[in-house]
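As structure tokens, the structure follows; a few thoughts come after it.
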Amino acid sequence: MLELGNGFSFVSRQKRIHLDGDEFFVDLVFYNVILFFAFSFFMKISSISSM
């Protein structure tokens with residue numbers, strides 16, 4: 001996590017989100033406590049689609 005920089009904390013993995021009636025899973029979610037924003041990683045080798 002040092003590569004992300006200062007202030008990042010791990011929030012969750014495989015977090016489910018709902019967008020426009022579709023369900024997606026974010027692989028990693030981090031939160032920056034200094035800048036007050038969430039940072040999400042989608043680690044996919046194919047296109048992102050609803051599950």
How long is the span from the [atom1] atom in [X] to the [atom2] atom in [Y], to the nearest 0.5 Å?
{"X": "D27", "Y": "Q14", "atom1": "CG", "atom2": "CD", "answer": "5.0 Å"}
{"X": "R16", "Y": "F24", "atom1": "CZ", "atom2": "CZ", "answer": "13.5 Å"}
{"X": "L28", "Y": "S12", "atom1": "CG", "atom2": "OG", "answer": "8.5 Å"}

Which residues satisfy the side chain to side chain contact (heavy atoms under 4.5 Å, CB included) test with F36, sequence neighbours excluded? Y31
Locate the shortest heavy-atom distance separating S9 from V33; write the atom from each residue and the value. OG-CG1, 4.3 Å
Could you report the tightest heavy-atom contact between N6 and N32, atom names first, then the distance? O-ND2, 3.4 Å
